[in-house]
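Encoded as structure tokens, the structure appears first; notes follow it.
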Amino acid sequence: MTTRPFRLILSLAGAALVIGLVVFIYATSSKAFFFNDDYAWLSQSWHVDPRNFFDLSRYSHFYRPVIELYFGWSLKAFGCDPVPFHWLSVAIHLMTSGLVFLLAREIGMTRVFAYFAALWFAVQSGPVEAVAWIGAITDLMPGFW
């Protein structure tokens with residue numbers, strides 16, 4: 001039987017390991033510049049106005065008002081510096097990994113199983129494009145929600 005302080009230390013160490021590994025994995029990509037669709041999202045974001053979200057004639061194929069708000073806010077907060085955009089994607093990926101842990105616990109899995117599920121989700125190579133590419137926030141955000 002483990003004591004409460006010991007479990008807290010283990011939990012914090014596990015969380016620190018996941019965060020450290022994710023930061024290590026994505027640190028290089030945070031130095032990348034904007035690419036491909038990033039420019040389209042940024043150029044559209046200069047004119048984001050929530051009052052226009054219900055004017056569907058403005059949209060030629062995708063209707064993504066939450067993503068428009070995300071880029072509009074991010075552009076105002078970060079300007080055209082891609083580094084904070086990258087780290088915000090990493091933060092959303094980490095939060096989603098935490099939700100994987102909570103989901104595993106909610107469906108009755110042990111704490112150890114839930115931890116390894118979150119760790120596996122955080123470091124697997126599957127979502128690397130969604131995390132490393134700024135414009136792929138359209139994959140990260142729905143995964144989080």
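What you see below is based on every heavy atom in this structure, not just the backbone, and it leaves out hydrogens, waters and symmetry mates.
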Testing the basics here: between [X] and [Y], what is the closest heavy-atom pair and its distance to 0.1 Å?
| X | Y | result |
| --- | --- | --- |
| Arg7 | Arg111 | NH1-NH2, 4.3 Å |
| Leu88 | Ser74 | CD2-OG, 4.0 Å |
| Ala118 | Ser97 | CB-O, 3.3 Å |
| Ser30 | Val83 | O-CG2, 3.4 Å |
| Ile92 | Met141 | CD1-SD, 3.8 Å |
| Ala130 | Asp139 | CB-CB, 3.9 Å |

*Over 12 non-hydrogen atoms of neighbours within 6.0 angstrom of CZ in Phe116*: no
*In terms of heavy-atom contacts, does CZ of Phe78 have more than 12 from other residues, nucleotides or ligands at under 6.0 Å?*
yes
Taking atom [atom1] of [X] and atom [atom2] of [Y], what is their separation to the nearest 0.5 Å?
| X | Y | atom1 | atom2 | value |
| --- | --- | --- | --- | --- |
| Leu75 | Asp81 | CG | CG | 11.0 Å |
| Phe71 | Ile134 | CZ | CD1 | 7.0 Å |
| Ser89 | Ile137 | OG | CD1 | 4.0 Å |

Taking the side chain as every heavy atom from C-beta outward, state whether [X] and [Y] have any atom pair closer than 4.5 Å.
| X | Y | result |
| --- | --- | --- |
| Ile25 | Val123 | yes |
| Leu99 | Phe144 | yes |
| Leu17 | Tyr115 | yes |

_I'd like to know if the side chain of His93 and the backbone of Ala122 have a donor-acceptor N/O pair within less than 3.5 Å._
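Yes; judged by distance alone, with no hydrogens or angles, the pair exists.
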_Hydrophobic cluster of Phe113, others only, ordered by chain and residue number, side-chain cut-off 4.5 Å_ = Leu103, Ile107, Met109
*State yes or no: are the ring centers of Phe85 and Trp133 separated by less than 6.0 Å?*
no
*Residue list, side chain to side chain contact (heavy atoms under 4.5 Å, CB included) with Phe33, at least two apart or on another chain*: Tyr39, Pro82
Same apolar cluster: [X] and [Y], side chain cutoff 4.5 Å:
| X | Y | result |
| --- | --- | --- |
| Ile67 | Trp145 | yes |
| Leu8 | Phe101 | no |
| Trp120 | Val131 | no |
| Ile19 | Leu12 | no |
| Leu140 | Phe35 | no |

